[in-house]
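In what follows, chains are A, B, ... by sequence order, proteins preceding strands, each numbered from 1. Note: hydrogens, waters and symmetry copies are ignored here, and every other heavy atom, side chains too, is used. Computed from a predicted structure; not experimentally measured.
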Number of protein chains: 2
Amino acid sequence: MTNRSAEPARRTGDRGRYGRLSRSRVLKTAFDLVDREGLSALSMRKVAAELDVEAMSLYRYANGKDALLDGLVEVLYEHIEQELAHCAPPPATDWQAGLQRIVRATYQVALSHPQMAPLLATRILAVPMARRPQAVLRTHEQVLTLLEQSGLDRQSAVHAYRAVTAWTLGFILTDLQAMVDDPTAPEIGFRLGLQHMSAQETPALRTAAERLAEPGGTLALETGLAALLASYSPTDR
Amino acid sequence: MTNRSAEPARRTGDRGRYGRLSRSRVLKTAFDLVDREGLSALSMRKVAAELDVEAMSLYRYANGKDALLDGLVEVLYEHIEQELAHCAPPPATDWQAGLQRIVRATYQVALSHPQMAPLLATRILAVPMARRPQAVLRTHEQVLTLLEQSGLDRQSAVHAYRAVTAWTLGFILTDLQAMVDDPTAPEIGFRLGLQHMSAQETPALRTAAERLAEPGGTLALETGLAALLASYSPTDR
DNA sequence: CATCGTAGGCTTACGGCGTAAGGTCCATCA
DNA sequence: TGATGGACCTTACGCCGTAAGCCTACGATG
């Protein structure tokens with residue numbers, strides 16, 4: 001509610017007519033809020049408050065909370081595209097390297113914004129493909145195009161596409177899974193809460209927990225990707 | 001609130017002292033509600049209403065909504081265990097078949113209860129491993145044990161375990177992803193909402209959409225699983 | 001400069017939600 | 001029979017999403 005009449009509402013590209021809101025400002029605020037406090041802390045009212053605005057004002061730029069969540073996914077994929085754009089030149093001939101590049105970028109952006117990970121899983125289940133944000137569709141289009149370049153027939157390319165998508169999503173979720181039970185504990189076993197796990201019923205899992213707590217890493221991601229791709233392109237073996 | 005004093009509160013194993021509630025009854029009611037109306041329709045108050053009880057009464061059996069959600073995951077994995085128990089005998093020597101069996105059961109239970117799928121993704125991110133329901137841990141223990149039987153060293157077994165988990169979860173989510181935009185449309189293209197997808201920007205995806213709308217199926221699930229497993233066990237190639 | 005249509009933001013209000021705190025009743029058993 | 005305590009209920013609070021409608025400052029127009 002701060003009166004900023006000192007600024008005569010110059011219509012920069014990033015503010016609305018009154019020099020206050022804009023879609024990008026709303027999404028960025030929500031994005032930062034989730035990064036900072038987690039998805040469960042996201043509410044229309046809090047986002048609005050951070051913008052010195054009432055909740056209902058957001059509706060012009062994100063028509064309801066679901067639309068806001070989809071906006072967050074959009075931002076996430078825009079980050080992926082940025083990562084892809086400024087980071088590496090695409091080696092036009094090597095389709096497999098092209099796929100690796102996209103999958104790796106997706107993984108890294110997810111790691112940078114772990115609080116958003118649930119969105120990747122839940123929104124894909126909630127919003128039909130045709131309604132997904134453009135940035136999402138563009139990225140998926142690239143994946144599919146690369147696979148079709150690889151010489152696979154259309155049917156196999158679609159199967160491979162599903163495999164790549166499933167692997168990437170599953171790997172990210174598995175990698176980000178909650179392992180730490182008590183962050184304040186000094187010893188790793190207690191930090192993981194192993195004293196709550198029965199050594200009778202789940203001995204192997206208990207023993208493996210320490211190793212499972214470490215992130216999988218880019219290497220494991222790409223190993224699995226390569227294995228899946230190889231199984232779809234008979235030329236490779 | 002119906003007075004059922006006709007029944008003198010016989011303490012069957014499935015009811016509490018007053019012959020009304022019990023953990024299993026609460027979870028079953030919530031589970032059915034989600035199956036019927038979706039996760040977003042789940043609320044403490046509605047579950048309570050279906051049991052002719054007040055919301056706060058549930059807290060003795062599920063201490064808050066998060067605990068209720070974890071209870072649903074528990075029920076889901078109990079279904080998986082039932083599927084495993086009554087369906088096929090485990091071929092003790094063939095560890096790969098053993099893994100297939102578990103993964104397939106997980107997939108089939110997920111398909112039977114598609115509304116629960118988001119829980120698989122979100123709860124794994126929210127509750128530390130050591131605090132997961134016993135049924136979940138038992139199933140994971142089986143997977144890990146089978147992999148250790150396969151001759152992999154401990155380190156590789158853990159990597160393979162992560163891969164199996166990631167693949168299964170990712171495959172399920174990808175398989176259950178929303179594709180249908182307008183269920184009432186007679187023609188498939190409109191049913192998928194393809195008119196909303198730009199033929200300029202995402203032509204390949206648009207074309208592939210029809211194929212993507214079909215479920216992946218058990219075969220694709222097992223193909224990918226085999227490919228991943230092969231990449232972790234050098235003896236296989 | 002005066003006017004006007006409207007985009008952009010605000011107000012109010014409603015019903016539903018999770019849950020903290022404490023009360024009540026009744027099956028049990030001494 | 002009377003005490004005990006577990007099972008369920010009542011009340012209340014503060015959040016939430018959002019429908020409906022209002023108000024006003026702005027850009028365009030003359």
Side-chain angles (χ1 to χ4, degrees), chain A residues 1-27 29-30 33-34 37-72 122-123 126, chain B residues 1-27 29-30 33-34 37-72 122-123 126:
Chain A
M1 234 72 91
T2 64
N3 192 345
R4 56 185 71 184
S5 58
E7 293 179 22
R10 66 260 130 95
R11 249 176 164 309
T12 73
D14 202 24
R15 338 278 281 209
R17 182 146 130 200
Y18 293 75
R20 316 255 264 139
L21 295 182
S22 73
R23 178 167 166 84
S24 64
R25 247 162 74 78
V26 168
L27 293 185
T29 303
L33 177 62
V34 171
E37 304 182 29
L39 252 187
S40 64
L42 178 71
S43 77
M44 300 298 274
R45 293 169 131 101
K46 279 196 208 147
V47 173
E50 292 213 358
L51 289 163
D52 274 331
V53 139
E54 300 302 313
M56 291 308 290
S57 306
L58 304 180
Y59 275 67
R60 189 158 311 267
Y61 303 99
N63 195 25
K65 190 172 188 183
D66 280 0
L68 187 63
L69 294 175
D70 291 337
L72 294 184
T122 55
R123 298 318 289 166
Chain B
M1 236 79 85
T2 64
N3 192 346
R4 57 185 68 186
S5 57
E7 294 180 23
R10 73 262 130 85
R11 248 178 168 309
T12 74
D14 201 25
R15 338 279 279 208
R17 182 147 128 200
Y18 294 83
R20 314 253 266 139
L21 296 182
S22 73
R23 178 168 166 85
S24 65
R25 247 163 74 80
V26 169
L27 292 185
T29 304
L33 177 63
V34 171
E37 304 183 29
L39 251 188
S40 64
L42 178 70
S43 77
M44 300 298 275
R45 293 169 131 100
K46 279 196 207 145
V47 173
E50 293 214 356
L51 289 162
D52 274 332
V53 137
E54 300 302 314
M56 292 307 291
S57 305
L58 304 179
Y59 275 68
R60 189 156 313 267
Y61 303 99
N63 195 28
K65 190 170 188 185
D66 280 359
L68 186 63
L69 295 176
D70 290 337
L72 293 184
T122 57
R123 299 316 291 165

When rounded to whole Å, the CZ to P distance for the pair R60(A) and dT18(D) reads 16 Å
Integer-rounded Å distance: dT24(C) C1' and E54(B) CD: 14 Å
Below 3.5 Å is the cut-off: list the nitrogen or oxygen pairs between protein and nucleotides 19-22 of chain C, distance only.
from, atom 1, to, atom 2, distance (Å)
dT19(C), OP2, Y59(B), OH, 2.7
dT19(C), OP2, K65(B), N, 2.8
dT19(C), O5', Y59(B), OH, 3.0

Rounded to whole Å, OH of Y61(B) lies from P of dG6(D) at a distance of 12 Å
Nearest whole angstrom, please: distance from the P of dC16(D) to the CG of L39(A). 14 Å
Using the side-chain hydrogen bond (donor to acceptor under 3.5 Å, both in side chains) criterion, which residues pair with E50(A)? Sequence neighbours excluded. R36(A)
Is the shortest side-chain N/O distance from S57(A) to OP1 or OP2 of dG8(C) below 4.0 Å? no
Non-hydrogen side-chain atoms of L21(A) and R60(A) separated by less than 4.5 Å: no
Grab the CG-P distance between L58(A) and dT18(D) for me, whole Å please. 11 Å
Once side-chain contact (heavy atoms from CB on, under 4.5 Å) is applied, do any residues pair with A48(A), and if so which ones, sequence neighbours excluded? V53(A), A55(A), L58(A)
Say you draw a straight line from CG of L39(B) to OG1 of T122(B); how long is it, rounded to the nearest 0.5 Å? 7.5 Å
Please table the atom pairs, donor to acceptor, closer than 3.5 Å between any side-chain atom in residues 40-47 of chain A and protein atoms at least two apart or in another chain.
from, atom 1, to, atom 2, distance (Å)
S43(A), OG, K46(A), N, 3.1
K46(A), NZ, A41(A), O, 3.1

Between L68(B) and L27(B), is the side-chain contact (heavy atoms from CB on, under 4.5 Å) condition met? List the steps. CA-CA 7 Å; L68(B) 186 63; L27(B) 292 185; 4.0 Å; yes
Expressed as a whole number of angstroms, how long is the span from L68(B):CG to dG18(C):P? 9 Å
